[in-house]
Amino acid sequence: MTIRFESKIPSGPLSHKWTKYRHEVKLVNPSNKRKFHVIVVGSGLAGASAAATLAELGYNVDCFCFQDSPRRAHSIAAQGGINAAKNYRNAGDSVYRLFYDTIKGGDFRAREGNVHRLAEVSVNIIDQCVAQGVPFAREYGGLLDNRSFGGAQVSRTFYARGQTGQQLLLGAYQALSRQISLGTVKMYPRTEMLDLVIVDGHAKGIITRDLVTGAVSAHAADAVVLATGGYGNVFYLSTNAQGSNVTATFRAYKKGAAFANPCYTQIHPTCIPVSGDHQSKLTLMSESLRNDGRVWVPKKAGDVRQPQDIPDEDRDYYLERKYPSYGNLAPRDISSRAAKQVCDEGRGVGPGGRGVYLDFGDAIRRLGREKIEERYANLFDMYERITGENAYERPMRIYPAVHYTMGGLWVDYTLMSNLPGLFVIGEANFSDHGANRLGASALMQGLADGYFILPYTIGEYFTSTAKVLPPTDHEEFKKAEADVTASTKKLLTVKGKRTVTEFHRELGKLMWDKCGMARTAASLREALEKIPAIREEFHENVNVLGESTELNQHLERAGRVADYMEFAELLALDALRREESCGGHFREEYQTEDGEAKRNDDEFSYVACWEYQGGAEPVMHKEPLVYEEVRMSQRSYK
Ligand SMILES: Cc1cc2nc3c(=O)[nH]c(=O)nc-3n(C[C@H](O)[C@H](O)[C@H](O)COP(=O)(O)OP(=O)(O)OC[C@H]3O[C@@H](n4cnc5c(N)ncnc54)[C@H](O)[C@@H]3O)c2cc1C
């Protein structure tokens, strides 16, 4: 069967598309809404905002997360802020400018219609969150404060110190809790979705494992929403929470949902450098620090002087030199590559030469230490706890690390996958960031999807489809339940010699070395050859301790790593097929004379939508990217 990937973007002028959609979409009568059941998997910013809003509208919602509380979703880690085109600073911002910055930031590989809608909705998000009591930073006069993030020349980032994700999540959690207490949302914490159930071509439910008792059970609904986050941990070391995983989306992929652009991964330039083999996680130093911190390395390779002993004339402020108009706020992909480049030249600092300085000396002299403390104290404290160094006194050392994944399940304009009834929101979908995400735009997208977009679009599905709520003893549910039980058992019976973590680390290192910040056809072919061998050994030699009928974190991890073992191959294949560089996908063969990503719009201006084929190689379908408003150009931040 040929699947067609149509974006379903409404016709008409770009700035009217979303308004037109909302005016024309068929609505579900308020008293009919309670007849529909919706499953929301995930309670991060995307999932919690969606579950709360759908329930407030009158739908019956079941919400699942694997943490012990929705408040512990990975979204809580977000530090720097959330973008919105409010133009409170009167600095020339507008919906169009946010739209254009985001399209350009994504290296012209995102859909115009989606991104414009995101920019429009951004202003509502701030109002919604302020109404919930989210304590955004304020200026002296009482207005909400803003700071700048990469890829923008205006200050449009709203923030709550270095804890924006946490404060936004508390707002969404509050809204969710209200619905839980009203009985309109049933919350299932510590419950992991392990399969999607399709009945007559429509997503009609999920299979879960209770992570405390091990009980496997089936849940049916009229629609399923996945808000399960990103897959950065395929690289093992990343800034993501350890629990973040690809399981829900990958298992949906195996049930027929297309995976879009899996090779688009974001490497964040300002993370604490890797310090040894013992690490299981990397720590982000928020991009907001680049508002005041200046990035530099010594001009000469092998200069081992302490930073304070290196005078200005011997320093290379390479971002300011290469990108004078954006300077230290050049976008993430560009700043990361520039850091790698100076380290490859032997000018890196710190152990192993894999680091660059982020220096606050000038800002402290200009503004005073107190001001810097006010802005970033918790980040400086965190840095000191991890490195033992005081960043008020000597520059931070930073290096790029895996941070976010722009790829995800394919969705159309309504956020529905190619499987009717399966919606995907937040980082789990591929929709709005193209080949590179600008800072502070993931929170914006997750909340736009959950609070403002899905609540309209899910109604379109309900009004255009016959209502069928299958019982959980339907044969498709029974089959999926049996499959989940069998694969869980299988992992426990291997009783091999190596731990799950050893395998994950081996896979992650291969992915980082061969498919990380820089990729070539040769390195990708090598990865594609080695991944199946690691996977085979995993299934023959992994040692998963404990039982399936108890709290068993070895087993949880084993299931997630088993999915990474397959998913990694899809990611590398997508990277191999995309014979161009764009955003975070940097193929060394395709670069401009000064080392920037070189796109090939004639041949690769499409979304790659991968269809699972069992054991055979997946098939790629293309959704062409149509630009009606914006002229694609070579990205420049000079
Ligand atoms: C350190 C750090 C800082 C960041 N800072 C910023 C920032 O300042 N601004 C910004 O815009 N973005 C930032 N980001 C990115 C942003 O935080 C994330 O992209 C965003 O929070 C993702 O939200 P989400 O709701 O899509 O997914 P998540 O918050 O990852 O939530 C996923 C949810 O799905 C559940 N789940 C997953 N799989 C399953 C399963 N199989 N079964 C049941 N439940 C499941 C989890 O329990 C969880 O509830 C940052 C990211 C990191 C790593």
Side-chain angles (χ1 to χ4, degrees), residues 39-51 63-84 125 147 149 157-160 162-169 172-173 176 187-196 206-209 211 225-233 238-252 266 268 270-272 281-288 332 379 382 401-406 408 424-429 433 437-450 556 559-560 563:
I39 282 175
V40 177
V41 188
S43 60
L45 284 174
S49 57
C63 184
F64 298 80
C65 72
F66 61 71
Q67 288 92 351
D68 57 350
S69 158
R71 278 186 311 166
R72 291 212 162 85
H74 159 66
S75 288
I76 205 167
Q79 300 171 348
I82 176 167
N83 286 333
I125 296 172
R147 55 191 177 197
F149 262 58
T157 304
F158 294 78
Y159 65 100
Q163 316 171 341
T164 315
Q166 178 171 356
Q167 298 305 332
L168 291 172
L169 191 58
Y173 172 71
L176 181 65
M187 189 70 219
Y188 294 81
R190 287 188 151 185
T191 308
E192 185 162 28
M193 166 191 163
L194 293 178
D195 210 352
L196 176 73
I206 61 171
I207 305 297
T208 62
R209 179 169 176 272
L211 297 180
V225 180
L226 297 186
T228 50
Y231 51 82
N233 284 346
S238 88
T239 62
N240 287 10
Q242 284 232 346
S244 296
N245 67 84
V246 78
T247 290
T249 47
F250 193 69
R251 295 192 186 184
Q266 174 162 88
H268 196 299
T270 56
C271 304
I272 298 181
K281 174 158 174 27
L282 296 177
T283 305
L284 173 78
M285 287 286 104
S286 168
E287 182 162 306
S288 59
R332 292 176 179 179
L379 300 172
M382 190 161 76
V402 172
H403 180 65
Y404 180 87
T405 48
M406 283 78 67
V424 191
I425 60 175
E427 192 173 340
N429 74 24
H433 308 293
R437 175 177 71 82
L438 290 184
S441 54
L443 303 184
M444 173 172 68
Q445 183 224 328
L447 292 180
D449 289 358
E556 289 169 31
R560 294 171 194 162
D563 290 330

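For ligands, and for the atoms within them, numbers begin at 1 and follow the listed sequence. Bear in mind that the values here come from a model prediction, so they are computed numbers and not experimental data. When a residue number appears, it is its place in the shown sequence, counting from 1.
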Asks: Run Met187 and Ser43 through side-chain contact (heavy atoms from CB on, under 4.5 Å) and show every step you take.
Replies: CA-CA 9 Å; Met187 189 70 219; Ser43 60; 4.1 Å; yes
Asks: Considering non-hydrogen atoms only, spot the tightest contact between Thr157 and Ala440 and give its length.
Replies: CG2-CB, 3.6 Å
Asks: Under a 3.5 Å threshold, yes or no: a donor from one side chain and an acceptor from the other, between Arg332 and Gln266?
Replies: yes
Asks: Excluding sequence neighbours, so at least two apart, what forms ring pair (Phe, Tyr, Trp, His ring centres under 6.0 Å) with His403?
Replies: His268
Asks: Of all residues at least two apart in sequence or in a different chain, which pass the side-chain contact (heavy atoms from CB on, under 4.5 Å) check with Ala442?
Replies: Tyr404, Arg437
Asks: Run through ligand 1 for me and note each protein residue having a heavy atom under 4.0 Å from it, chain first, then residue number.
Replies: Val41, Gly42, Ser43, Gly44, Leu45, Ala46, Phe64, Cys65, Phe66, Gln67, Ala73, His74, Ser75, Ala77, Ala78, Gln79, Gly80, Gly81, Thr191, Glu192, Met193, Ala227, Thr228, Gly229, Thr239, Asn240, Asn245, Ala248, Leu284, His403, Tyr404, Gly426, Glu427, Arg437, Ala440, Ser441, Ala442, Leu443
Asks: Excluding sequence neighbours, so at least two apart, what forms salt bridge (Lys or Arg N to Asp or Glu O under 4.0 Å) with Glu192?
Replies: Arg560
